[in-house]
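Structure first, commentary second.
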Amino acid sequence: MSASVVLAQAGDINPGLAAIGYGLAAIGPGIGVGLIFSSVISGTARQPEARGVLLGLAWTTFAIVEVLALIGFVVYFIATAA
């Protein structure tokens with residue numbers, strides 16, 4: 001399928017259904033962020049001198065996970081624009 005066909009079909013989605021879909025898609029990044037920082041807290045409690053390295057990795061992975069939520073937000077607007 002070409003991109004124009006996919007976008008044309010995405011425009012036929014009910015806006016309410018698209019909002020529910022985005023809400024469900026946002027659950028994944030929310031859980032991911034919670035797991036990332038819970039692991040940092042646990043790792044810092046076990047080895048306090050590794051705090052700096054753990055926080056650096058946490059912020060990097062946090063940014064990657066949040067990109068997934070932003071992609072879902074953009075897809076929501078593509079689905080409702082028509």
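One is the number of the first residue; the rest follow in order along the sequence. Values below: all heavy atoms of this structure, side chains included; hydrogens, waters and symmetry mates excluded.
Under the 30°/60° scheme for interplanar angles, the aromatic rings of W59 and F62 are found to stand perpendicular.
When side chains are defined from C-beta on, Y22 does not count as touching F77, because their heavy atoms never get closer than 4.5 Å.
A continuous path of hydrophobic side-chain contacts links I36 to L55 [ILVMFWY only; heavy atoms under 4.5 Å]. In the hydrophobic clustering of this structure, I27 groups with L35; members are Ile, Leu, Val, Met, Phe, Trp, Tyr whose side-chain heavy atoms approach within less than 4.5 Å, directly or through other members. No path of Ile, Leu, Val, Met, Phe, Trp and Tyr side chains, each step under 4.5 Å between heavy atoms, connects L57 with V65, placing them in separate hydrophobic clusters. Linking ILVMFWY side-chain heavy atoms closer than 4.5 Å, directly or via other members, places L70 and V75 in two distinct hydrophobic clusters. Cluster membership check: I31 shares its hydrophobic cluster with L24, using side-chain heavy-atom separations under 4.5 Å among Ile, Leu, Val, Met, Phe, Trp and Tyr.
A distance-only check finds no donor-acceptor pair linking the side chain of T44 to the backbone of I41 [under 3.5 Å].
The CZ atom of F73 sits 15.5 Å away from the CG atom of L68 when rounded to the nearest 0.5 Å. Rounded to the nearest 0.5 Å, atoms OG (S42) and CG (L54) are 9.5 Å apart.
Between P48 and A45 the shortest heavy-atom distance is CD-O, 4.4 Å.
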